[in-house]
Number of protein chains: 2
Amino acid sequence: MPAASAPRPDRSTEIAAALRDAIVTGRLLVGDRLPSEAELAEQYGVSRPTVREALKRLAAQSLIRTRRGATGGAFVNHLSFEAAQAQQITTSTLLLSMNAVGFETACEARFAMERACAPLACARRQEAHLDRMRAEIARQSDPALSDEDFCASDVAFHRALVDAAGNPVLSYQLAGAVEAMQPLMNMITFTARDRARIVELHEAIAGAAETQSARACDAALSALERYTRELGSAVMARRAAQQR
Amino acid sequence: MPAASAPRPDRSTEIAAALRDAIVTGRLLVGDRLPSEAELAEQYGVSRPTVREALKRLAAQSLIRTRRGATGGAFVNHLSFEAAQAQQITTSTLLLSMNAVGFETACEARFAMERACAPLACARRQEAHLDRMRAEIARQSDPALSDEDFCASDVAFHRALVDAAGNPVLSYQLAGAVEAMQPLMNMITFTARDRARIVELHEAIAGAAETQSARACDAALSALERYTRELGSAVMARRAAQQR
DNA sequence: CCCCGTTTAATTGTCTGACAATTGGAAGTC
DNA sequence: GACTTCCAATTGTCAGACAATTAAACGGGG
């Protein structure tokens, strides 16, 4: 056997791939209605359950949505930024946990990307973004806030910063990445929670955004990254000591 | 009716969500075997086809893989960086085309992220990365290269730069983003193809990586971004003129 | 002529039961 | 002990049926 020829894929896989290709290449446009399940079954020479499995695959990727009834059927879905982001988050989260991505690596990637949009955020931030950041800082300053809510507020703060860059593509990419790393981040802040220092750095970031000082913003982000990594290595060391 | 209560989801959707949750939260670990379709059907009180549709949904997200035979079944899949990236690319590509993301926006996001990992790339690049970049530059210098191959080489060059940062999470995120924007980029370079200028800028980038000069690398990337955006606006203007 | 309830047809969602294909292990044989 | 054969478990597929849902066609009353 020269090359381990890939095992012949299932019919439902093939059909899903064919339809996916039709959508991605634009042969099927947003809003277009796919043939009914019965018609597809006849076209591809398979039974309805097989066609349905193919359609479910596409539905899982938000490529189509289905509606019952007389004018129902499967329609090419308009992929919203939100839906795409949700998918990216689950994928990235799983990827990070399954591949045992280290805290260092995740942290580095996250801050590198966030710093990438800091200059844009400083240049274009609107009052609404500043308000969101200030509101989250206020929440974080409340000692009664639970750990979970503190972390959620942390994410919301950084999302506001990213959104301030005014680039939906950046927001989509970044928000997915930041959100995916949340579990790892939680692991740290739950154990070593010096909230005052974090709030202080958030204030520095928000202040830099307000005065539109890209350099100050970058410096504050760098400081936050350094501090986060310090926390991380401390926690890792403690954990290693416990396992010894 | 106070709030338009979300229409009750399909059983297969529910079951898929339940299993997905079990995987994401770690109740099911990589390599674990899910119950057989018949068992799942009994557990959830549905028929086998319904269970199968749920499983196909998970398979579409690469969360599980199935095998036939005596010891077969559905197993929690190890999500590789490659598989995750492939998914991200199709999602992002579709997102950009469907939401009519402008060239300016896409370009800005792409270069912002790429510049984010340039300093890391300069600091950590290995000989292998430099070789890959040089090889692509050599390819691009060949006038006989087709437009398609030139664009592919362009992508490969930038991937080499990203990979040089030595952070798999960054590579994963960036490669997905860059690859997704390729169709938009192609639209430009196919029409206004001043290859010499692009190759020149690529040489500047590779040179900066070689000498580990983060500032020079950033400058070269900025120049490439400026040039690309000039091309883009020129093409857009021409297109607008044609439509008038 | 217009408005409103009813019927109807189309379509997806689900069930049942069956058979084919595949694959590893168990039983049997040399 | 090694090899072959058979078997059982499991997924992949099919056919047919019925329920649920939805919009459009239809028809009656004003």
Side-chain angles (χ1 to χ4, degrees), chain A residues 1 4-20 22-23 28 30-78, chain B residues 1 4-20 22-23 28 30-78:
Chain A
M1 205 192 303
S5 60
R8 190 165 73 70
D10 307 342
R11 292 293 281 130
S12 74
T13 307
E14 286 178 7
I15 296 170
L19 292 175
R20 179 160 36 235
I23 294 174
L28 286 170
V30 173
D32 281 359
R33 180 178 173 279
L34 274 65
S36 73
E37 295 175 355
E39 286 171 321
L40 285 173
E42 197 177 0
Q43 275 183 34
Y44 288 100
V46 299
S47 66
R48 240 191 90 202
T50 304
V51 167
R52 282 183 63 78
E53 287 178 9
L55 292 178
K56 293 311 169 197
R57 291 179 127 103
L58 300 183
Q61 296 179 307
S62 307
L63 291 185
I64 61 170
R65 65 182 184 286
T66 57
R67 239 180 30 214
R68 292 213 273 196
T71 60
F75 297 82
V76 178
N77 200 11
H78 176 89
Chain B
M1 206 191 302
S5 60
R8 191 164 72 71
D10 306 342
R11 293 293 281 131
S12 74
T13 307
E14 286 178 7
I15 296 170
L19 292 174
R20 179 162 34 236
I23 295 174
L28 286 170
V30 172
D32 281 0
R33 181 179 174 279
L34 276 63
S36 73
E37 296 175 355
E39 287 171 318
L40 285 174
E42 197 177 0
Q43 277 183 34
Y44 289 99
V46 297
S47 66
R48 241 191 87 204
T50 303
V51 167
R52 281 183 64 77
E53 287 178 8
L55 292 178
K56 292 312 169 198
R57 292 179 124 103
L58 300 182
Q61 296 180 307
S62 307
L63 291 185
I64 61 170
R65 64 181 185 286
T66 57
R67 240 182 27 216
R68 294 212 272 195
T71 61
F75 299 83
V76 179
N77 201 10
H78 176 89

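For clarity, every value in this text was computed on a predicted model and none was experimentally measured. To find a chain, count down the sequence lines: A is the first, B the second, and so on, and within it residues start at 1. Worth knowing before you read on, the calculation uses all heavy atoms, side chains too, and leaves out hydrogens, waters and symmetry mates.
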Colleague: According to a strict under-4.0 Å criterion, is T50(B) in side-chain N/O contact with OP1 or OP2 of dC15(C)?
Modeller: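 Affirmative; the distance criterion is met.
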Colleague: Does T66(A) place a side-chain N or O at less than 4.0 Å from the phosphate oxygens OP1/OP2 of dG13(C)?
Modeller: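 Yes, such a contact exists.
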Colleague: Can you measure E37(B) atom CD to dT10(D) atom C1' for me and round it to whole angstrom units?
Modeller: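 These atoms are roughly 8 Å apart.
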Colleague: Rounding to an integer number of Å, can you tell me how far L55(A) CG sits from dT13(D) P?
Modeller: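 Those two atoms, CG and P, are 14 Å apart.
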Colleague: At 4.0 Å (heavy atoms only), tell me whether R67(B) reaches a base, stays on the sugar-phosphate, or touches nothing.
Modeller: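 Contact class for R67(B): sugar-phosphate only.
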Colleague: Give the rounded distance in Å between these two atoms: CZ of R52(B) and P of dC14(D).
Modeller: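 It works out to 11 Å between those atoms.
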Colleague: Between C1' on dA20(D) and CZ on R11(B), what's the gap in Å once rounded to a whole number?
Modeller: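 After rounding, the reported distance stands at 15 Å.
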Colleague: If I take atom CG from residue L63(A) and atom CG from residue L28(A), how far apart are they, to the nearest 0.5 angstrom?
Modeller: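 One finds 11.0 Å between CG of L63(A) and CG of L28(A).
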Colleague: Quickly work out the L34(B) CG to dT11(D) C1' distance and round it to whole Å.
Modeller: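 So the two atoms are 13 Å apart, to the nearest Å.
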Colleague: For dA23(D), does either OP1 or OP2 sit under 4.0 Å from a side-chain N or O belonging to T71(A)?
Modeller: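 No, because none of the side-chain N or O atoms of T71(A) sits under 4.0 Å from OP1 or OP2 of dA23(D).
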Colleague: Keeping R67(B) on the side-chain end and A74(B) on the backbone end, is there a donor-acceptor pair under 3.5 Å?
Modeller: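 The answer is no, because no donor-acceptor pair under 3.5 Å joins these two groups.
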Colleague: Could you tell me whether a side-chain N or O of R52(A) sits under 3.5 Å from a main-chain N or O of S47(A), the two making a donor and an acceptor?
Modeller: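 Side chain of R52(A) to backbone of S47(A): no pair is present.
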Colleague: Tell whether R48(A) reaches the base of dG16(D) with its side chain through a donor-acceptor pair below 3.5 angstrom.
Modeller: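 Not at all, since no donor on one side and acceptor on the other fall under 3.5 Å apart.
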Colleague: Consider the side chain of P49(A), meaning its heavy atoms from C-beta on, and name the nucleotide among dA9(C), dA15(D), dT13(D) that approaches it most closely.
Modeller: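 Within the option list, the nearest is dA15(D).
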Colleague: For L58(A) and dT12(C), give me the distance from atom CG to atom P, rounded to whole Å.
Modeller: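 Computing the L58(A):CG to dT12(C):P distance gives 14 Å.
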Colleague: Between dT13(D) atom C1' and I15(A) atom CD1, what is the distance in whole Å?
Modeller: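 I15(A) atom CD1 is separated from dT13(D) atom C1' by 11 Å.
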Colleague: Side chain of S12(B) only, please: which of dT14(C), dT12(C), dG12(D) is the nearest?
Modeller: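 Per side-chain heavy atoms of S12(B), the pick is dT14(C).
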Colleague: Just compare dT11(C), dT11(D), dT14(C) and give me whichever is closest to any side-chain atom of S36(A).
Modeller: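 Of dT11(C), dT11(D), dT14(C), dT11(C) is nearest to the side chain of S36(A).
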Colleague: Which part of the nucleic acid, if any, lies within contact of R33(B), taking any heavy atom under 4.0 Å across all strands shown: a base, the sugar-phosphate backbone alone, or nothing?
Modeller: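 Result for R33(B) = sugar-phosphate.
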Colleague: Expressed as a whole number of angstroms, how long is the span from L40(B):CG to dT11(D):C1'?
Modeller: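 Checked: the CG to C1' distance equals 13 Å.
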Colleague: When you compare the side chain of I15(B) with that of V46(B), does any pair of heavy atoms fall below 4.5 Å?
Modeller: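 When only atoms from C-beta onward are counted, I15(B) and V46(B) do touch, with a gap below 4.5 Å.
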Colleague: Which nucleotide sits closest to the side chain of S47(B): dT12(C), dC15(C), dA10(C)?
Modeller: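 Looking only at side-chain atoms, S47(B) lies closest to dC15(C).
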Colleague: For V46(A) and for A70(B), locate the closest nucleotide of DNA chain D by heavy-atom distance; then report the residue assigned to the nucleotide nearer the 5' terminus.
Modeller: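 This one resolves to A70(B).
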Colleague: Could you tell me whether the side chain of R11(A) and the main chain of Y44(A) form a donor-acceptor pair under 3.5 Å?
Modeller: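 Confirmed, R11(A) side chain pairs with Y44(A) backbone.
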Colleague: Does dA10(C) have OP1 or OP2 under 4.0 Å away from a side-chain N or O of R68(A)?
Modeller: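 So the side-chain polar atoms of R68(A) never come under 4.0 Å of the phosphate oxygens OP1 or OP2 of dA10(C).
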